[in-house]
Every structure is written in structure tokens, then in C-alpha cells.
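The structure under discussion appears below in the form of C-alpha cells.
Positions are given from 1, in the same order as the sequence printed here. This one's a predicted model, so the numbers in the text were calculated from it and none came from an experiment.
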Amino acid sequence: SGWVNIAIFFASAAVAFLTETTIFKNGIKCKYPYAALTVLCVIALLFAVFTFAPPHIPLFRDPVMGGYGIV
């Protein structure tokens, strides 16, 4: 399944590049810059929280040690 991850990465990079090119060509401006900044801050906060205190669901379980988060 390693090749699937690499294919998804390249496909997402291509979509992001094409979207960015279209936005720059059309000169579309961000209508809500504070909302974009708020979403970015929330994502960063969730990254930190889920690193040190993740919810105890199978998605966050360490397959080797069986624990959750950084211990």
C-alpha cells in the first residue's frame, strides 16, 4: 500500500498546484482572511492536543506499544 500513499500525495500536490494557479490567474482574493487564520490556528491547536492527549479510539492507538499519544 506504499505506492497508494505516494500516488495520493502526487495527486493532491497536482490538485493543489492547479487550484493555486487558477486562483492566481483569476486574482481571487480571500473574502474572510480572519476566518482562514482562525481555521489554521484551530488545526495547529488540534495537532498539539492530539499529539499529547489523543482520544482513546483505534485511529490514535500506537500499533507497537498499544498506548495513546506521547508517553
Assigning hydrophobic clusters by single linkage (Ile, Leu, Val, Met, Phe, Trp, Tyr; side-chain heavy-atom cutoff under 4.5 Å), is [X] placed with [Y]?
X: I6; Y: F9; result: yes
X: F60; Y: L46; result: yes
X: I57; Y: F50; result: yes

Next item on the list: Any chance you could measure T21, atom OG1, to N26, atom CG, to the nearest 0.5 Å?
Entry: 10.5 Å
Next item on the list: Any chance you could measure F47, atom CZ, to I43, atom CD1, to the nearest 0.5 Å?
Entry: 12.0 Å
Notebook entry, point to check: Who passes side chain to side chain contact (heavy atoms under 4.5 Å, CB included) against S12, sequence neighbours left out?
Noted result: I8
Next item on the list: Over all heavy atoms of both residues, which pair between G69 and P54 is shortest? Give the atoms and the distance, please.
Entry: N-CG, 3.3 Å
Next item on the list: Sorted by first residue and then second, give each ring-ring contact (aromatic ring centres under 6.0 Å, His included) pair with at least one member in residues 11-38; sequence neighbours left out.
Entry: none
Check: Would you say Y68 and P55 make side-chain contact, with heavy atoms under 4.5 Å?
Finding: no
